[in-house]
Novice: 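The structure's right below; bear with me while I get my questions together.
Position 1 is the first residue of the sequence; numbering continues from there.
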Amino acid sequence: QVPLVESGGGSLQAGGSLSLSCAVPGYTYSTYCMGWFRQAPGNARVGVAAIDSGGITSYADSVKGRFTISQDNAKNTLYLQMNSLKPEDTAMYYCAANTSPCPRPQWYLLVSTMHYWGKGTLVTISS
């Protein structure tokens, strides 16, 4: 089991910025992919951004140019910087990980690619 602990969610107005963090205590896997997913009420969980151990990233079209995923291996922490936030970004945001060599980057945003999940952090954007 890989513990994932998200933080940084909150409520703010459209146009603002927010940074999410995902701490992975004791994470020492050399090959992996991790990502941020979100789920709005009544909707399915979808991939937002992902990154692998080589630094290759993948973004959903809806967030390209606004969101940036990054990782600090020394701190075992995954980040999601969200800028120019919109009301439609409102959702529960989940951190996820696959500790095996991951399939193609095109698949990083699939829920089925990830094996471990955090409990989520809520982001609410008002107009």
Novice: Nearest 0.5 angstrom please: Leu80 CG to Ser70 OG, how far?
Specialist: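 One gets 8.5 Å once the value is rounded to the nearest 0.5 Å.
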Novice: Please output the side-chain donor-acceptor pairs of residues 112-127 that fall under 3.5 Å, not counting sequence neighbours, one pair per line with the distance.
Specialist:
from	atom 1	to	atom 2	distance (Å)
Thr113	OG1	Trp107	O	2.6
Thr121	OG1	Gly9	N	3.1

Novice: Between the main-chain N or O of Met92 and the side-chain N or O of Arg38, is there a donor-acceptor pair closer than 3.5 Å?
Specialist: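 No: the side chain of Arg38 does not pair with the backbone of Met92.
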Novice: For the CD atom on Gln13, are there more than 12 heavy atoms of other groups (residues, nucleotides or ligands in this structure) within a distance under 6.0 Å?
Specialist: no
Novice: Would you say the side chain of Phe67 lies within less than 4.5 Å of the side chain of Leu85, judging by non-hydrogen atoms?
Specialist: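 Yes, at least one pair of side-chain atoms sits under 4.5 Å.
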Novice: Is there side-chain contact between Ile56 and Ile51, with heavy atoms separated by less than 4.5 Å?
Specialist: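 No, too far: nothing below the 4.5 Å cut-off.
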Novice: Answer yes if the side chains of Asp52 and Tyr32 hold a donor-acceptor pair under 3.5 Å, and no otherwise.
Specialist: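 No pair is found: no donor N or O on one side chain lies under 3.5 Å from an acceptor on the other.
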Novice: Decide whether a cation-pi geometry holds between Arg45 and Tyr94; the criteria are a distance under 6.0 Å from NZ or CZ to the six-membered ring centre and an angle within 45° of the ring axis.
Specialist: yes
Novice: Given the rule that I, L, V, M, F, W and Y join up when any side-chain heavy atoms are under 4.5 Å apart, are Tyr79 and Ile69 in one cluster?
Specialist: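 No: no chain of side-chain contacts under 4.5 Å links Tyr79 to Ile69.
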Novice: What do the steps show when you test Tyr108 against Asn98 for side-chain contact (heavy atoms from CB on, under 4.5 Å), and what is the final call?
Specialist: CA-CA 9 Å; Tyr108 289 176; Asn98 179 336; over 6 Å; no
Novice: When you compare the side chain of Asp89 with that of Met82, does any pair of heavy atoms fall below 4.5 Å?
Specialist: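 When only atoms from C-beta onward are counted, Asp89 and Met82 do not touch, as no gap falls below 4.5 Å.
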Novice: Under 3.5 Å, is there a donor on one side chain and an acceptor on the other for Asp72 and Thr77?
Specialist: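 Checked: Asp72/Thr77 side chains show no N/O donor-acceptor pair below 3.5 Å.
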